[in-house]
Amino acid sequence: MVDLSQYLPILIFLGIALALSTAFVFLPMGVSQLTGTHNPTTEKLSEYECGFPAFEDPRSRFDVRFYLVAILFIVFDLEAAFLFPWAVSLDLTGWPGWITMMVFLFELVVGFVYAWKKGALEWE
Amino acid sequence: MTRTFMDWGLSYEWAWGLATIAGILLIALPLMLAVAMIIYVDRKVWAAMALRRGPNVVGPFGLLQSFADGLKVFLQETIIPSAANKGLFLIAPIITFTVALAAWAVVPFNSGAVLADINIGLLYILAISSLGVYGVVISGWASNSKYPFFSAMRAAAQMISYEVSIGFILVCVVLYAGTFNMNGIIEAQRGHGLGIVNAYAFNLLLFPIWVMFLISSLAETARAPFDLTEAESELVAGYQTEYSSMSFALFWLGEYANVLLMCALNAILFFGGWLPPLDWAPLYLVPGWIWLFAKIFAFFFIFSWVKATVPRYRYDQLMRLGWKVFLPLSLLFVVLVSGWLMVTRYERSPHTALCPSLDNAELAARGAAPQGSPCVRENLT
């Protein structure tokens with residue numbers, strides 16, 4: 001049974017960190033209202049594009065080459081997630097556990113070699 | 001610390017709560033101070049390597065430069081572009097900074113001096129530091145501007161690419177230490193090299209892993225030479241382009257807190273954390289946190305040094321290094337390390353015997369544990 005009470009400090013820490021950073025974002029807004037630096041103009045609020053007026057909407061079509069990277073990431077990060085429990089219990093599972101994991105890793109390496117040969121890792 | 005508060009006549013719950021909050025503030029506030037000073041150090045080192053003076057006007061030797069910058073930024077106007085998604089735009093720096101702070105909850109500063117001594121400390125750090133990418137991606141998307149958007153795309157691909165190899169590298173360390181607990185990993189390094197050096201990096205199998213981890217941590221925190229997310233010659237300031245005032249500063253604070261965390265991880269996982277470099281009695285007279293801070297500082301100097309001297313990578317080179325070099329290499333080392341451990345450490349020991357969970361008292365006493373017990377980690381170098 002996991003003792004959840006040792007995770008309580010982390011939760012409190014998260015709460016305090018959240019409060020701190022929220023204060024950091026919203027306090028200067030109030031301060032700038034008071035000191036009079038808050039002075040928005042149309043030009044100031046337009047998006048930055050090296051001094052030009054924006055050419056086109058930034059949310060236009062964009063070739064997301066990173067899609068493939070994300071797919072590969074899911075595969076390999078999942079693999080790492082399987083490796084973690086095996087790593088801490090290597091002394092308990094012994095040779096059968098080790099051989100099983102090597103078979104699993106070998107299958108993944110086959111997939112990795114396939115992705116490499118297919119050019120999924122190429123970046124033009 | 002709970003005991004001190006209980007001596008003041010408080011009930012256990014109140015004492016525990018006060019001690020926890022005091023501990024959190026003891027981590028968070030010095031961390032922010034450290035970030036301010038480390039930005040100064042970064043600028044000084046960078047300047048010195050370029051034969052410049054660096055900040056030297058505000059305070060003695062310019063020591064107060066970061067605080068002057070902070071005050072200036074605090075008093076500035078917060079500009080929210082009219083095209084931006086306002087809610088997300090403001091949430092992004094909050095996420096970045098919160099996550100950067102929260103990761104420090106499991107970092108041990110001395111034997112027992114850790115806020116949450118959880119069994120899966122390393123896993124927690126891995127999990128919480130991968131949340132950092134959300135801040136970057138959300139800020140890039142919510143700015144509704146081209147440069148931040150490109151930068152966010154790059155950052156997402158870069159961070160997840162190197163997270164994969166960092167995962168495998170951590171598996172190697174965990175294989176050796178046999179635990180995810182941060183204090184446990186540090187204790188496992190006691191006398192690891194030749195019975196006297198307290199460092200995993202002294203191990204021939206783990207040294208290449210440490211080199212990979214150092215480079216991956218540069219890439220994971222988007223430091224030079226992998227700072228493509230804010231490559232100023234192509235992307236202005238990357239995902240921070242549209243930010244101003246404290247929201248801009250929060251990205252900086254979060255980024256440097258992450259850099260410090262990566263330096264701390266290098267020190268803890270491979271260089272014995274709060275243990276002195278050598279397992280030699282007089283060195284234990286120096287408090288553990290001083291050793292840890294010295295190691296963190298040494299690693300930060302390496303980070304600054306790299307930033308000052310190494311030219312920026314091209315994006316395809318960055319992806320090639322991550323996917324075609326580090327990933328296969330770290331996979332290979334998982335096989336090598338686990339195989340080596342199976343042959344040398346676990347073959348002879350009765351591996352069916354269950355190890356009792358290692359708590360702090362046992363860890364401290366482990367040096368005196370009888371040989372042949374399955375829970376004793378032998379020295380392998």
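Residue numbers start from 1 in every chain, and the chains themselves are labelled A, B, ... in the order their sequence lines are given, proteins ahead of strands.
- The part of B:Leu126 that comes within reach of chain A is its side chain, from C-beta onward, which places non-hydrogen atoms under 4.5 angstrom from that chain.
- For the side-chain contact (heavy atoms from CB on, under 4.5 Å) with A:Leu108, the qualifying choice from A:Phe106, A:Phe112, A:Phe104 is A:Phe104, the only one to do so.
- With a 4.5 Å cut-off on non-hydrogen atoms, B:Leu250 touches chain A through its side chain but not through its backbone.
- Among B:Val73, B:Ile118, B:Ile80, B:Val174, the residue making the largest number of heavy-atom pairs under 4.5 Å with chain A is B:Ile118.
- Chosen from B:Phe150, B:Tyr315, B:Trp141, the residue pairing most often with chain A at heavy-atom distances under 4.5 Å is B:Trp141.
- Here the side chain of B:Ser245 pairs no donor or acceptor atom with the backbone of B:Ser247 at under 3.5 angstrom.
- Residue with the most contacts toward chain A among B:Val335, B:Leu253, B:Ile27, B:Thr98: B:Thr98 (heavy-atom pairs, distance under 4.5 Å).
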### Query
Going through the checks in order, is the side chain to side chain donor-acceptor pair (under 3.5 Å) test met by A:Thr93 and A:Trp98?
CA-CA 7 Å; A:Thr93 52; A:Trp98 188 79; over 6 Å; no
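- The choice from B:Val334, B:Val337, B:Leu327, B:Leu331 that makes the most heavy-atom pairs within less than 4.5 Å of chain A is B:Leu327.
- Within the 4.5 angstrom heavy-atom criterion, atoms from both the backbone and the side chain of B:Ser338 approach chain A.
- Aromatic ring orientation, A:Phe24 versus B:Phe97: perpendicular (interplanar angle above 60°, classes split at 30° and 60°).
- If you measure heavy-atom distances from A:Leu105 to chain B, the contacts under 4.5 Å come from the side chain alone.
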### Task
Step by step, work out the ring-ring contact (aromatic ring centres under 6.0 Å, His included) result for B:Tyr243 and B:Phe89.
CA-CA 9 Å; B:Tyr243 280 87; B:Phe89 188 80; 4.2 Å; yes
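- Interface check for chain B: of the options A:Leu34, A:Asp77, A:Leu72, the most heavy-atom pairs under 4.5 Å are formed by A:Leu72.
- The candidate with the highest count of non-hydrogen atom pairs below 4.5 Å against chain B, out of A:Ala80, A:Ser21, A:Ser89, is A:Ser21.
- Residues B:Thr78 and B:Phe248 fail the side-chain proximity criterion, which asks for heavy atoms closer than 4.5 Å.
- Contacts between B:Gln317 and chain A at a heavy-atom distance below 4.5 Å are absent for every atom of the residue.
- Although no hydrogens or angles enter the test, the distance criterion places no donor-acceptor pair under 3.5 Å between the side chain of B:Asn144 and the main chain of B:Asn85.
- Across B:Met32, B:Arg320, B:Met319, the residue that shares the most heavy-atom pairs under 4.5 angstrom with chain A is B:Met319.
- At a 4.5 Å heavy-atom cutoff, the contact between A:Met29 and chain B is made by backbone and side-chain atoms alike.
- Using a 4.5 Å cut-off on side-chain heavy atoms (C-beta onward), A:Leu90 and B:Met342 make contact.
- Highest contact tally toward chain A, considering only B:Ala102, B:Ala157, B:Gly17, is held by B:Ala157 [criterion: heavy-atom pairs under 4.5 Å].
- Residue contact with chain B, scored on non-hydrogen atoms closer than 4.5 Å, involves the backbone and the side chain of A:Leu14 alike.
- Side-chain contact between B:Ser143 and B:Phe149 is absent, with no heavy atoms from C-beta onward closer than 4.5 Å.
- For the pair B:Ser330 (side chain) and B:Phe326 (backbone), a donor-acceptor distance under 3.5 Å is present.
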